[in-house]
Amino acid sequence: MDKVYNHKEVEDKIYEMWEEKGFFLPEVKKGKKPFSIILPPPNANAPLHFGHAMYVIEDILVRFHRMKGTPSLWLPGADNAGFETQFVFEKHLQEEGKSRFDFDRDELFGMIMEFVEKNRGGMERQLRKLGFSLDWSRMKFTLDEDVVKVVSQTFKKMYDDSLIYRAERLVNYCTFDGTSFSDLEVVYQERQNPLYYIKYGPLVLATTRPETKFGDTGVAVHPTDARYKKYIGKEIEIETVLGKAKIKVVGDEAVDPEFGTGVVKVTPAHDFTDFEIGKRHDLEMKQVIGFDGKMNHFAGKFEGLYAKQARKEIIEEMKKKGLVEKIDDKYTHRIGLCYKCGNVIEPLPREQWFVKMAPLAKPAIDAVKKGKIKIYPKKFEKLYFQFLENIRDWNISRQIVWGIRIPAWQCGECRNWEIELGDAPSKCSKCSSKNLTQDQDTFDTWFSSSQWPFATLQTGKQGDYEYFYPTTVMETGYDILRWWVARMVMVGLYITKKVPFENVVLHGLVNDPLGKKMSKSKGNIVNPLEIVEQYGADAVRFALVFGTALGNDQALSYPKLDASRKFTNKLWNIARFIEMNKIHNSQFTIHNSLKDLKTAAENKNDKEWIDKADKLSREVTEDIEKYNLNYAAEKLYEFIWHQFADIYVEDVKNRINENSYLVLNSIFLVLIKLLHPIMPFVTEEIYQRFNPGEFLIISDWPNEQK
RNA sequence: GGAGCUGUAGCUCAGUUGGUUAGAGCGCUUCAUUGACAUUGAAGAGGUCACAGGUUCGAAUCCUGUCAGCUCCACCA
């Protein structure tokens with residue numbers, strides 16, 4: 001054996017061997033409860049980031065259960081990542097001087113698919129580099145035909161159960177990208193904009209957006225505001241740049257009497273708060289800004305101007321007419337920007353598909369309350385309940401091409417909607433018209449993701465769903481507890497009548513060495529694969545679980561990586577010592593049962609160390625079962641280095657004989673086994689040197705009989 | 001504005017139902033050594049556990065408040 005452990009010579013070779021031998025494929029044993037995890041599918045198109053390296057937790061669990069003899073499945077997948085991917089692709093088009101408007105929908109979809117297929121291998125190769133024992137034969141993609149079918153079926157079932165409705169809602173619309181965004185995708189920024197005090201008949205109100213005036217269908221004041229109480233419920237006559245108009249005054253609690261003059265113009269079609277006020281008082285929606293960002297016919301002579309331009313011209317005109325009382329130039333407020341292109345988000349009304357969430361949320365709350373699903377660490381239960389107890393209906397339409405197209409066709413005659421699986425319906429079921437067009441929208445990526453546990457298993461190998469569902473563990477970052485985990489529980493329960501997983505295990509974020517969140521804009525991204533290259537996958541894996549409690553964020557720590565790499569070398573050198581002291585004729589016999597080993601042991605000290613190893617083995621087993629992987633890692637590190645190597649090896653050194661050698665060797669192999677889930681490569685390499693032809697990955701867990 | 005998390009050694013973090021002298025890694029100091037390993041070994045310094053109260057025989061741990069950092073949600077015309 002070399003003096004120094006070289007991970008580069010070992011890791012790829014070992015992984016290939018594991019994969020080739022099919023060790024990642026579970027053996028289905030009817031009647032035996034399996035262990036299963038569905039990998040949270042990384043973006044098919046993007047390289048892994050450090051958060052993905054945290055999936056090492058899943059690998060540790062799978063390897064542990066595999067060694068315990070449980071049929072263990074870890075199913076990989078790739079996510080089409082909707083808008084994210086389409087955006088990256090459009091950047092490429094831009095570089096070629098093209099845009100998505102040069103292609104029709106199918107062409108564009110095909111091109112993106114090709115683009116993704118080309119990049120997809122990267123992510124999979126990286127998962128292999130990290131040593132993840134994924135069953136690649138069961139790999140699924142969110143746009144696989146069979147998955148699309150499952151997702152569409154779910155939509156239809158929801159529609160038939162009256163959980164789906166169509167409604168005009170304000171969306172965060174980016175007129176530049178031509179798509180709406182979820183609230184999450186809007187970035188708020190502090191900006192200084194003029195606040196205009198404009199005259200509305202007898203009232204004066206403050207607004208930053210005078211151009212939306214044409215869409216005003218009400219004026220609101222606080223219901224208890226003494227100044228304006230007399231106007232509530234009445235219509236007032238106002239002078240506008242386009243002539244006189246009448247408008248209703250309503251009283252609404254959303255109005256802050258302290259702000260401005262305490263009077264608000266209500267534009268339900270262009271402001272989220274106003275939309276709510278409008279709904280409460282039954283005000284009309286009047287859209288005056290189009291999806292192209294330009295003023296429409298309601299704006300009279302300002303039609304065709306971009307909103308921003310119209311604002312300037314309207315204010316000039318209003319000044320001339322004496323309708324502007326004053327302008328506050330120092331006003332700062334927060335405005336929503338497109339997180340992709342940075343342009344101002346325009347709230348616009350648009351017909352969308354919505355899912356009624358309240359009926360789905362209740363069973364999901366119960367599942368956790370009744371312990372059918374356990375959340376680790378427990379502190380995250382609060383977030384889970386908070387989200388579900390205040391849930392709002394879910395807008396599942398997205399105005400992009402790269403996703404699963406919504407299987408809904410609208411009749412051009414009677415406006416009836418037909419939901420159809422497979423081919424387009426031939427005629428309208430209401431009026432028999434053949435004039436049907438499919439909705440242009442695709443599903444929100446999270447809509448298909450919410451079905452991932454059963455969608456993957458139902459479309460996988462024959463019998464997988466029956467055997468592996470519900471899955472044992474869903475392990476992911478706590479940051480997507482609401483957006484993904486909670487929705488999987490809701491939709492999973494709704495479709496399958498079973499929880500999609502029994503345990504939710506949540507890890508924290510991996511931040512940069514200074515504790516700051518890694519992000520492209522900050523330029524502090526660390527590529528996990530470079531770190532693997534430098535320190536070895538074992539060291540990276542160990543460093544990620546060592547010294548950080550589950551669910552807590554951690555700063556990437558080079559000293560910790562270094563310590564972990566030294567640990568792999570320490571293991572290597574213990575192995576080397578044992579090999580060098582091999583006593584002639586002696587076998588590397590492994591006593592997997594420490595009880596048997598103790599019976600065979602002759603020396604008192606040896607017997608004591610067997611007990612210590614036995615205690616450690618029990619503790620580590622329990623720690624892994626409770627997802628306290630940091631405890632397992634810390635105990636193994638301390639014991640192997642500072643107990644076993646520093647004390648026991650030094651003790652045996654001077655009194656080595658055949659029997660002591662057997663004990664030393666056996667204890668070491670037990671330690672190697674206990675460490676294998678966390679550090680699979682170096683342990684497998686050592687094991688095979690001691691036991692040619694045998695494989696640690698499928699060997700028995702200490703004290704376990706298969 | 002609402003909610004949550006975090007605050008422990010110079011740095012990064014553990015501390016598992018409250019229970020002796022609060023731990024680890026890195027760094028630092030002293031010494032040893034080419035003997036499995038200098039990617040080593042031995043010894044050591046270093047902490048009013050953010051702050052202020054409270055509960056308790058006993059608090060880093062439980063409660064209240066304050067301060068600081070982070071995250072999520074909502075969002076002001």
Side-chain angles (χ1 to χ4, degrees), chain A residues 1-6 183-184 186 188 193 195-198 205-210 212 216 219-220 252 254-256 258-267 270-274 276-277 331-336 377 379-387 390 392 478-483 508-509 511 513-517 535 539 542-543 546-581 619 622-623 626-628 630-631 633-635 637-638 641-642 645-647 649-650 653-654:
Chain A
M1 285 172 84
D2 291 341
K3 204 169 164 182
V4 175
Y5 174 64
N6 185 352
D183 296 344
L184 296 176
V186 178
Y188 289 90
N193 281 320
L195 182 65
Y196 305 99
Y197 285 75
I198 59 180
L205 56 78
T207 180
T208 51
R209 302 207 57 189
T212 60
D216 291 357
V219 170
D252 196 284
V255 180
D256 175 7
E258 305 288 314
F259 185 88
T261 59
V263 184
V264 181
K265 66 193 208 59
V266 185
T267 325
H270 295 292
D271 183 278
F272 290 99
T273 308
D274 292 7
E276 297 295 330
I277 296 175
Y331 179 64
T332 55
H333 65 149
R334 293 176 58 174
I335 55 163
K379 65 181 179 185
F380 290 118
E381 276 185 7
K382 273 185 215 160
L383 288 176
Y384 177 86
F385 290 131
Q386 194 181 306
F387 172 63
N390 301 299
R392 292 159 63 166
Y478 67 79
D479 52 331
I480 51 174
L481 174 66
R482 302 150 170 254
W483 307 112
L509 308 174
N511 292 321
L514 298 172
K516 300 284 173 213
K517 193 168 176 171
Y535 294 89
F542 193 83
F546 181 92
T548 302
L550 183 67
N552 283 358
D553 294 349
Q554 62 178 312
L556 182 67
S557 161
Y558 290 101
K560 200 155 83 174
L561 283 164
D562 219 33
S564 304
R565 191 188 46 177
K566 286 179 184 175
F567 186 43
T568 56
N569 194 57
K570 189 72 186 179
L571 287 169
W572 185 254
N573 273 289
I574 296 169
R576 207 169 141 236
F577 171 80
I578 292 173
E579 193 184 55
M580 286 168 81
N581 284 279
E619 286 177 4
E622 199 188 323
D623 289 338
K626 290 184 173 169
Y627 311 108
N628 290 323
N630 57 323
Y631 296 166
E634 286 152 28
K635 281 174 192 165
Y637 181 89
E638 210 282 330
W641 198 316
H642 299 299
D646 288 350
I647 302 173
V649 170
E650 292 302 322
K653 217 179 233 180
N654 305 313

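A, B, ... follow the sequence lines: proteins, then strands. Residue 1 opens every chain. Computed from heavy atoms alone, side chains included, the values below leave out hydrogens, waters and symmetry copies. Values in this document were obtained by computation on a predicted structure and should not be read as measured data.
Comparing the P positions of B/A52 and B/U61 gives an interatomic distance of 13 Å, to the nearest angstrom. Nucleotides B/U39 and B/G23, compared at atom P, are 30 Å apart to the nearest Å. Using P as the reference atom, B/U30 and B/G35 are 26 Å apart when rounded to the nearest Å. Using C1' as the reference atom, B/U12 and B/U6 are 14 Å apart when rounded to the nearest Å. B/G46 and B/G65 are spaced 37 Å apart, taking the P atom of each and rounding to whole Å. For the C1' atoms, the distance linking B/A60 with B/U17 amounts to 16 Å, nearest Å. Rounded to whole Å, the P atom of B/G10 lies 13 Å from the corresponding atom of B/C49. Atom P of B/G7 sits at a distance of 7 Å from the matching atom of B/A14, rounded to the whole Å.
B/C5: Watson-Crick or G-U partner is B/G69, with both key distances under 3.5 Å. Within the shown strands, nothing qualifies as a pairing partner of B/U48 under the Watson-Crick or G-U definition with both distances less than 3.5 Å. Remark: B/C26 base-pairs with B/G10. Criterion, Watson-Crick or G-U wobble with two distances under 3.5 Å. Across all strands shown, the partner of B/U40 is B/A32, judged by Watson-Crick or G-U wobble contacts whose two distances both fall under 3.5 Å. Remark: B/G53 base-pairs with B/C63. Criterion, Watson-Crick or G-U wobble with two distances under 3.5 Å.
For the pair A/D252 CG and B/C76 C1', the computed distance is 13 Å after rounding to whole Å. Note: OH (A/Y637) to C1' (B/U39) measures 10 Å, nearest angstrom. Remark: C1' of B/U16 and CD of A/E622 are 10 Å apart, rounded to the nearest angstrom. As rounded to whole Å, 10 Å separates atom C1' of B/A3 from atom NZ of A/K382. Atom pair A/K516:NZ and B/U6:P shows a separation of 18 Å (rounding to whole Å applied). The CH2-C1' distance, from A/W572 to B/U40, rounds to 18 Å in whole Å. Rounded to an integer number of Å, the gap from A/L556 CG to B/C26 P is 17 Å. Across the protein-nucleic acid pair, A/K560 atom NZ and B/U12 atom P stand 12 Å apart, rounded to whole Å.
Considering only heavy atoms from C-beta on, A/Y197 comes within 4.5 Å of A/T261 through its side chain. Counting heavy atoms from C-beta on, the side chains of A/D274 and A/D216 never come closer than 4.5 Å.
Nucleic acid contact for A/K626: none, since no nucleic acid atom lies under 4.0 Å from a heavy atom of the residue. At a threshold of 4.0 angstrom between heavy atoms, the contacts of A/E650 include nucleobase atoms, whether or not backbone atoms are also involved. Contact annotation for A/V263: no contact, since no heavy-atom pair falls under 4.0 Å across all strands. Residue A/F546 is classed as a sugar-phosphate contact, given heavy-atom separations below 4.0 Å to backbone atoms only. The residue A/D646 sits close only to the backbone: its heavy atoms come under 4.0 Å of sugar-phosphate atoms, none of a base. Within 4.0 Å (heavy atoms only), A/N552 reaches sugar-phosphate atoms of the nucleic acid but no base atom. A/N569 comes within 4.0 angstrom of a nucleotide base, judged by non-hydrogen atoms across all strands. Looking at heavy-atom distances under 4.0 Å, A/H270 makes no contact with the nucleic acid at all. Within the nucleic acid shown, A/Y196 has no heavy atom closer than 4.0 Å to any nucleic acid atom. At the heavy-atom level, A/K570 lies under 4.0 Å from base atoms of the strands shown. The residue A/A645 sits close to a base: some heavy atom pair falls under 4.0 Å.
Each of B/U39, B/A36, B/G15 was ranked by its minimum atom distance to the side chain of A/V4; first place goes to B/U39. Of the candidates B/A14, B/A77, B/A42, the closest approach to any side-chain atom of A/Y631 belongs to B/A14. Checking B/A36, B/G41, B/C26 against every side-chain atom of A/R576, the shortest atom distance belongs to B/A36. In this structure, the nucleotide among B/A77, B/U40, B/G25 sitting nearest to the side chain of A/A563 is B/G25. Which of B/C75, B/G4, B/A36 sits closest to the side chain of A/L383 comes down to B/G4. Distance from the side chain of A/V649 is smallest to B/A36 among B/U16, B/A36, B/U6. Among the nucleotides B/A36, B/C76, B/A14, the one closest to the side chain of A/T548 is B/A14. The nucleotide whose nearest atom lies closest to any side-chain atom of A/R482 is, among B/C26, B/A36, B/C72, B/C72. With distances taken from any side-chain atom of A/Q386 to the nucleotides B/A36, B/A3, B/C26, the minimum falls on B/A3. For A/A549, whose side chain is taken as the heavy atoms from C-beta onward, the closest listed nucleotide among B/C37, B/C72, B/G15 is B/G15.
A donor-acceptor pair is defined here as one N or O able to donate and one able to accept, closer than 3.5 Å; no such pair exists between the side chain of A/N569 and the backbone of A/V4. Side chain of A/N552 to main chain of A/T548: no donor-acceptor pair is present (N/O by atom type, distance under 3.5 Å, no hydrogens or angles). Formation of a donor-acceptor pair under 3.5 Å by the A/D562 side chain with backbone atoms of A/Y558 is not found in this model. Between the side chain of A/S557 and the backbone N or O of A/K560 there is at least one donor-acceptor pair closer than 3.5 Å.
When each of A/D553 and A/N573 is assigned the nucleotide of RNA chain B bearing its nearest heavy atom, the one mapping closer to the 5' terminus is A/D553. Closest-nucleotide positions on RNA chain B for A/D623 and A/D479 were compared, and the one nearer the 5' end corresponds to A/D623.
Phosphate contact (OP1/OP2 of B/G25, side-chain N/O of A/Y558, threshold under 4.0 Å): absent. Distances shown here put a side-chain N or O of A/W641 below 4.0 Å from the OP1 or OP2 atom of B/G41. Proximity of A/T273 to the phosphate of B/A77: no side-chain N or O atom is located under 4.0 Å from OP1 or OP2. Applying the 4.0 Å criterion to OP1 and OP2 of B/U40, one finds that A/H642 has every side-chain N and O outside that range.
The existence of a salt bridge linking A/E579 and A/R576 is excluded, since no basic side-chain nitrogen approaches an acidic carboxylate oxygen closer than 4.0 Å.
Using cut-offs of 30° and 60° for the angle between ring planes, the A/F567 and A/W641 rings count as parallel.
Within a 6.0 Å radius of NZ in A/K626, no more than 12 heavy atoms belonging to other residues, nucleotides or ligands are found.
The minimum heavy-atom distance linking A/Y627 with A/L550 is given by the pair O-CD2, 4.0 Å.
With hydrogens and angles ignored, no donor-acceptor pair under 3.5 angstrom links the side chain of A/Q554 to the base of B/A14.
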